[in-house]
Amino acid sequence: MSTPDNWRKSSYSGGGDGNACVEISDRPTHISIRDSKAPAKAILTFPAGAFTLFMEALKTPHPSAMSPASVGLNPQASK
């Protein structure tokens, strides 16, 4: 697979010069993302359909990162 050449910055680039973000390159068959501060380093490439699942997974809190209270448990009840 060739390296995409149509990179664009995320719309969530932050303030200032906007370099605290990722860049994305989308093609009909795959989507690639990279760190805008280190574009020559690693690039993540996904089949087009898998990218949506990847983004949804990033938005969903992992159960191990949740506090007992955030999932409806009362830690005081077990004492």
Side-chain angles (χ1 to χ4, degrees):
M1 175 174 35
S2 64
T3 302
D5 56 0
N6 57 336
W7 293 101
R8 59 185 171 83
K9 287 194 179 207
S10 164
S11 59
Y12 297 98
S13 295
D17 57 8
N19 69 350
C21 70
V22 297
E23 295 175 324
I24 187 169
S25 175
D26 52 339
R27 298 213 174 161
T29 59
H30 61 275
I31 296 172
S32 299
I33 58 175
R34 68 183 182 185
D35 184 344
S36 64
K37 295 181 299 271
K41 292 197 176 186
I43 296 172
L44 294 175
T45 301
F46 300 87
F51 184 73
T52 300
L53 296 173
F54 171 72
M55 293 304 296
E56 290 301 319
L58 291 176
K59 295 175 188 177
T60 304
H62 189 277
S64 67
M66 295 181 179
S67 69
S70 70
V71 293
L73 299 176
N74 183 351
Q76 299 299 321
S78 63
K79 289 184 178 180

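Any value given below was found using the heavy atoms of this structure, including those in side chains, with hydrogens, waters and symmetry copies removed.
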Can you tell me how far apart [atom1] ([X]) and [atom2] ([Y]) are? Round to the nearest 0.5 Å.
{"X": "Leu44", "Y": "His30", "atom1": "CG", "atom2": "NE2", "answer": "12.5 Å"}
{"X": "Lys37", "Y": "Cys21", "atom1": "NZ", "atom2": "SG", "answer": "7.5 Å"}
{"X": "Met55", "Y": "Phe46", "atom1": "CE", "atom2": "CZ", "answer": "9.0 Å"}
{"X": "Ile33", "Y": "Phe51", "atom1": "CD1", "atom2": "CZ", "answer": "5.5 Å"}
{"X": "Ile43", "Y": "Trp7", "atom1": "CD1", "atom2": "CH2", "answer": "4.5 Å"}
{"X": "Ile31", "Y": "Ile24", "atom1": "CD1", "atom2": "CD1", "answer": "5.5 Å"}

Next item on the list: Before giving the answer on side chain to side chain contact (heavy atoms under 4.5 Å, CB included), spell out for Arg27 and Asn6 the whole-Å C-alpha distance, their side-chain angles and the decisive distance to 0.1 Å.
Entry: CA-CA 9 Å; Arg27 298 213 174 161; Asn6 57 336; 4.1 Å; yes

Notebook entry, point to check: If only atom types and distance count, is the side chain of Ser36 paired as donor or acceptor with the main-chain N or O of Val22 below 3.5 Å?
Noted result: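 Between the backbone of Val22 and the side chain of Ser36 there is no qualifying donor-acceptor contact (under 3.5 Å).
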
Note to self: Tell me the closest heavy-atom pair linking Ala42 and Arg34, and the distance in Å.
What the structure shows: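 Looking at all heavy atoms of both residues, the shortest contact is O-CB, 4.0 Å.
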
